[in-house]
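To start, the structure itself, in structure tokens.
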Protein chains: 2
Amino acid sequence: MRVRDDDLDAVTTIDHDDGDIGEIKDIVGFHIRLAHGACYRHFTETFTELELTQKQVSVMWLVADHPGISQIDLGQRLRMDRATTMTIINRLQARHFLRREKSPTDGRKQALYLTPQGEAMLAEAKLAIREHENWVKSRFTDAEVKTLVELLARIHE
Amino acid sequence: MRVRDDDLDAVTTIDHDDGDIGEIKDIVGFHIRLAHGACYRHFTETFTELELTQKQVSVMWLVADHPGISQIDLGQRLRMDRATTMTIINRLQARHFLRREKSPTDGRKQALYLTPQGEAMLAEAKLAIREHENWVKSRFTDAEVKTLVELLARIHE
DNA sequence: CCTATTTGTTTGCACTGCATACAATCCCAT
DNA sequence: ATGGGATTGTATGCAGTGCAAACAAATAGG
């Protein structure tokens, strides 16, 4: 019993265009999605104790690097819309990791700051992230990591 | 304040380590997530008319390539658990794009097949995917695409 | 001053991921 | 052959994310 008839078709339909775009393994987006899924799962395992998600850590990290940042600015840096940003910040605020403060210069904006508990949690998170990064990088040389990041950046910039 | 005393030994024996792991821009997983998000958004835009998600297209594609495939096999190829696979197949079945059939060789398994409507939809989807792929690939040379796929595969394989 | 824009908020919906529990079926060792 | 364990599918529930629409408060600009 033959399993891979699809290869045969690919060979026999070289030139004329009937909509055949090859195998799913050749779709770049397919590999991006699988790689993202693998990262997501390992990240989740690494952060089960801390009960933090990728987004939540990213938000805390950015707030730490940019104290007083607005929700809009934060959302744009992480490519999230306002509603999604809201729910994440609500969760972090409910856990007392960050606080909102009316911006003195622009009454529409909320200025975001980490609480001391938020800073402590971020420090923990960074240790876990280092583990996670080592897991990702373990299969690459430094040069390959550099290449990968450079190629990925071209997609999202 | 220190929470993870187990790290103390490692820290004090080797050169001192205050937990600083650099900027978020240097985290590989960060770029994978952003690139995935960019792909996800463009895919969603491309498929608004067809009302299909990445997963749904992947499932239909795999069922077309492997008629009679079981849900477990499908889930393993796409790295989805049984419950997630169920909901996706339920949706596709409700739209009459595929059907379940008791496997004659193993009574536990469901054999999955595309319906004629499913095949027609998949043909449409492949056209849209080609557009989507061109959008991704437009910023790379063929060699860079090859490199990117090869590096990503190392993460999810 | 008046209007358009920006920012935040709320609500609601869809998709995904995962845990748990259960039923049917199969596999294997006794 | 039979009983116990493993596999597969199913159902339910919950959390996180993404997004659209509508509204309110504040700002910006003519």
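Fair warning: this is a prediction, and the values are worked out from it, not measured in the lab. Heavy atoms only: backbone and side chains are in, while hydrogens, waters and symmetry mates are out.
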When you measure from the side-chain N and O atoms of [X] to the phosphate of [N], is any distance below 4.0 Å, counting only OP1 and OP2?
X       : N       : value
R82(A)  : dT9(C)  : no
R79(B)  : dG17(C) : no
T53(A)  : dT17(D) : yes
Q110(B) : dT10(D) : yes
K102(B) : dG9(D)  : no
R91(B)  : dC15(C) : yes
K109(A) : dT27(D) : no
Q71(B)  : dT10(D) : yes
R108(B) : dA23(C) : no

Can you work out whether G37(B) or D106(B) has the more 5'-proximal nearest nucleotide on DNA chain D?
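So the residue in question is D106(B).
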Is it true that [Y] and [X] share a donor-acceptor pair across their side chains at a distance under 3.5 Å?
X       : Y      : result
D81(A)  : T84(A) : yes
Q117(B) : R95(B) : no
R33(B)  : S58(A) : yes

Please work out if [X] contacts a base, only the sugar-phosphate, or nothing of the nucleic acid, heavy-atom cut-off 4.0 Å.
X       : value
T85(B)  : nothing
D81(B)  : base
R100(A) : sugar-phosphate
T87(B)  : nothing

Looking only at the side chain of [X] (C-beta and beyond, no hydrogens), which of the listed nucleotides [options] gets closest?
X      : options                   : value
K55(B) : dG17(C), dT8(D), dT10(C)  : dG17(C)
Q56(B) : dG18(D), dG17(C), dC15(C) : dC15(C)
S70(A) : dA11(D), dG17(C), dG8(C)  : dG8(C)

Could you check whether any side-chain N or O of S70(A) sits under 3.5 Å from a backbone N or O of Q110(A), counting only pairs where one atom can act as donor and the other as acceptor?
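Not at all, since once roles are kept as given, no pair shorter than 3.5 Å links the two residues.
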Which residue lies toward the 5' end of DNA chain C, R41(A) or A111(A), if each is placed at its nearest nucleotide?
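Counting from the 5' end, the first nearest nucleotide belongs to A111(A).
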Looking at every heavy atom in both I155(B) and R139(A), which two are closest together, and how far apart are they?
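Scanning both residues, the minimum pair turns out to be O-NH1, 3.2 Å.
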